[in-house]
Amino acid sequence: MDEARPEYERIYRVVCQIPRGVVTTYGDVAKIAGGGIDARTVGEALNALPKDRAQEIPWQRVINARGGISTRGMVQRTLLEEEGIAFGADGRTDLRRFGWAGPSPEWCAANGCTPLPPRSDPQAEQLPLF
DNA sequence: CAGATGACTCCCA
DNA sequence: CTGGGAGCCATCT
């Protein structure tokens with residue numbers, strides 16, 4: 001039997017908090033989870049994610065810091081497009097529009113996680129609707 | 001215990 | 001934009 005991996009479970013819990021229609025990065029998930037977890041560890045956790053559990057965990061909403069998909073194949077991109085995520089010609093998406101702001105502060109407190117630092121983007125308010 | 005690997009990220013040329 | 005290199009952490013040989 002595969003041993004329980006508490007570090008991974010915390011990562012999964014954070015990913016489950018990502019609402020439909022938005023995406024986040026490995027680094028952000030790592031910061032939220034905290035506890036010596038970094039972007040690479042998040043990737044490992046999702047890679048080791050069993051298929052039966054992939055149905056409940058929106059792993060597809062986790063992408064790299066460049067706004068692109070690190071996985072091979074079109075599976076992840078297709079799933080995200082189904083949720084309304086738009087990709088550019090280079091296969092990247094605008095994190096300022098589809099980027100996840102992080103879980104609620106109360107959730108963080110209840111799960112011992114760290115909320116995401118507020119990124120003040122003056123242009124984020126002026127983003128065109130298109 | 002040491003080396004290699006990976007769904008990562010940042011910095012610099 | 002593209003490459004190369006370093007930093008980082010967990011898992012497997």
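All chains are named by letter (A, B, ...) in the order of the sequence lines, taking the proteins before the strands, and each is independently numbered beginning at 1.
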Measure [atom1]/[X] against [atom2]/[N] and give the value in whole Å, please.
X        : N      : atom1 : atom2 : answer
Ile37(A) : dA7(B) : CD1   : C1'   : 16 Å
Ile63(A) : dT9(B) : CD1   : C1'   : 14 Å
Met74(A) : dA7(B) : CE    : C1'   : 16 Å
Leu49(A) : dG6(B) : CG    : P     : 19 Å
Ile69(A) : dC8(B) : CD1   : C1'   : 15 Å
Arg66(A) : dA7(B) : CZ    : P     : 15 Å
Tyr8(A)  : dG6(B) : OH    : C1'   : 10 Å
Lys31(A) : dC9(C) : NZ    : P     : 14 Å

### Query
With a non-hydrogen cut-off below 4.0 angstrom, is Asp38(A) in contact with a base, only sugar-phosphate, or nothing?
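Touches a base.
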Just by distance, do the side chain of [X] and the backbone of [Y] share a donor-acceptor pair under 3.5 Å?
X        : Y        : value
Tyr12(A) : Glu7(A)  : no
Asp28(A) : Thr24(A) : no
Asp52(A) : Gln55(A) : no

Out of [options], which has the shortest distance to the side chain of [X]?
X        : options                 : result
Asn64(A) : dC9(C), dA7(B), dT9(B)  : dT9(B)
Tyr26(A) : dC9(C), dC10(B), dA7(B) : dA7(B)
Trp59(A) : dC9(C), dA7(B), dG6(B)  : dA7(B)
Asn47(A) : dT9(B), dA10(C), dA7(B) : dA7(B)

### Task
Output the distance between atom CD1 (Ile57(A)) and atom CG (Leu49(A)), rounded to the nearest 0.5 Å.
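Result: 5.0 Å between the selected atoms.
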### Spatial distance of atom SG (Cys16(A)) from atom CH2 (Trp59(A)) [nearest 0.5 Å]
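Interatomic distance, Cys16(A) SG to Trp59(A) CH2, rounded to 0.5 Å: 14.0 Å.
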### Query
Closer to the 5' end of DNA chain C via nearest nucleotide, is it Glu7(A) or Asp90(A)?
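Of the two residues, Asp90(A) wins.
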### Message
Taking the nucleotide of DNA chain B with the nearest heavy atom to each, does Glu44(A) or Gly27(A) sit closer to the 5' end?
### Response
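Per heavy-atom nearest nucleotide, the more 5' residue is Glu44(A).
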### Query
Taking the same atom, P, in dA7(B) and in dG7(C), what whole-Å distance lies between them?
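Per the computed distance, 22 Å lies between those P atoms.
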### Message
With a 4.0 Å limit, can you tell me whether Arg92(A) has a side-chain N or O closer than that to the phosphate oxygens OP1/OP2 of dC1(C)?
### Response
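The answer is yes; a side-chain N or O of Arg92(A) sits under 4.0 Å from OP1 or OP2.
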